[in-house]
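I have placed the structure first, in the form of structure tokens, so that the comments after it can refer back to it.
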Amino acid sequence: MFGKKQADTSEEGRAKEAALAALPPGWTLGPSDLESYRYPGGSLRTYSAAARGPNGEVALVVALTEVEAWHALPLRVRGELPVTALWAPPVEQA
């Protein structure tokens with residue numbers, strides 16, 4: 001219906017709602033984002049999810065699917081997912 005927000009029943013929508021419910025009080029979700037990377041013989045998509053804390057802190061995660069990104073975000077906020085500067089994702093060989 002126009003003007004009414006309807007629940008997102010997609011797997012991604014459910015994952016985002018679960019992430020929001022798992023965040024500590026005062027944290028808010030940002031939008032997810034998609035990036036594509038090309039390599040010889042193929043390409044790779046990554047998704048990010050972010051949240052901002054009550055004191056201005058920011059948590060950001062990157063994953064191979066949007067669902068994985070939403071699932072990982074509360075882990076990062078709680079300190080259960082370590083920060084790493086480098087990542088070598090798996091790629092499909094052509």
Side-chain angles (χ1 to χ4, degrees):
M1 228 180 245
F2 186 75
K4 282 191 169 183
K5 181 176 169 117
Q6 296 196 0
D8 186 347
T9 58
S10 68
E11 186 177 7
E12 292 82 5
R14 289 189 304 272
K16 184 176 181 179
E17 289 298 318
L20 180 59
L23 290 176
W27 282 81
T28 58
L29 292 179
S32 62
D33 194 17
L34 164 67
E35 292 292 334
S36 292
Y37 302 94
R38 290 185 292 198
Y39 57 87
S43 65
L44 174 75
R45 287 186 172 182
T46 62
Y47 296 80
S48 66
R52 181 174 297 277
N55 298 314
E57 59 270 56
V58 174
L60 173 73
V61 296
V62 178
L64 294 178
T65 71
E66 186 177 1
V67 170
E68 290 172 341
W70 288 125
H71 285 306
L73 186 58
L75 298 174
R76 179 64 221 121
V77 168
R78 293 191 303 260
E80 298 169 20
L81 182 65
V83 172
T84 59
L86 302 172
W87 180 45
V91 295
E92 302 263 334
Q93 298 298 317

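Sequence positions, counted from 1, serve as the residue numbers for this chain. Predicted, not measured: the structure shown is a model, and the values here were computed from it.
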Can you tell me how far apart CH2 (Trp70) and CD (Glu17) are? Round to the nearest 0.5 Å. 9.5 Å

So which heavy atom on [X] is nearest to which on [Y], and how close?
| X | Y | result |
| --- | --- | --- |
| Glu66 | Ser32 | OE2-OG, 2.9 Å |
| Leu23 | Ala51 | CD1-CB, 4.2 Å |
| Leu64 | Glu68 | N-OE1, 3.4 Å |
| Val62 | Trp87 | CG1-CZ3, 3.8 Å |
| Pro54 | Pro25 | CG-O, 4.2 Å |
| Ala15 | His71 | CB-NE2, 4.2 Å |

With a 4.5 Å cut-off on side-chain heavy atoms, are Trp27 and Glu57 touching?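 Sidechains of Trp27 and Glu57: in contact.
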
Is Val61 close to Leu75 at the side-chain level, that is, under 4.5 Å between some pair of heavy atoms? no

Answer yes or no: are there more than 12 heavy-atom neighbours, outside Arg45 itself, under 6.0 Å from its atom CZ? no

Is it possible for you to say whether Leu81 and Leu73 belong to one hydrophobic cluster, with membership spreading through side-chain heavy-atom contacts below 4.5 Å?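 Yes, same cluster.
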
Does Val67 share a hydrophobic cluster with Leu44, counting links as ILVMFWY side-chain heavy atoms below 4.5 Å and allowing steps through other members? no

Any donor and acceptor pair, going by atom type alone, linking the side chain of Arg52 with main-chain N or O of Thr28 inside 3.5 Å?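 Between the backbone of Thr28 and the side chain of Arg52 there is no qualifying donor-acceptor contact (under 3.5 Å).
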
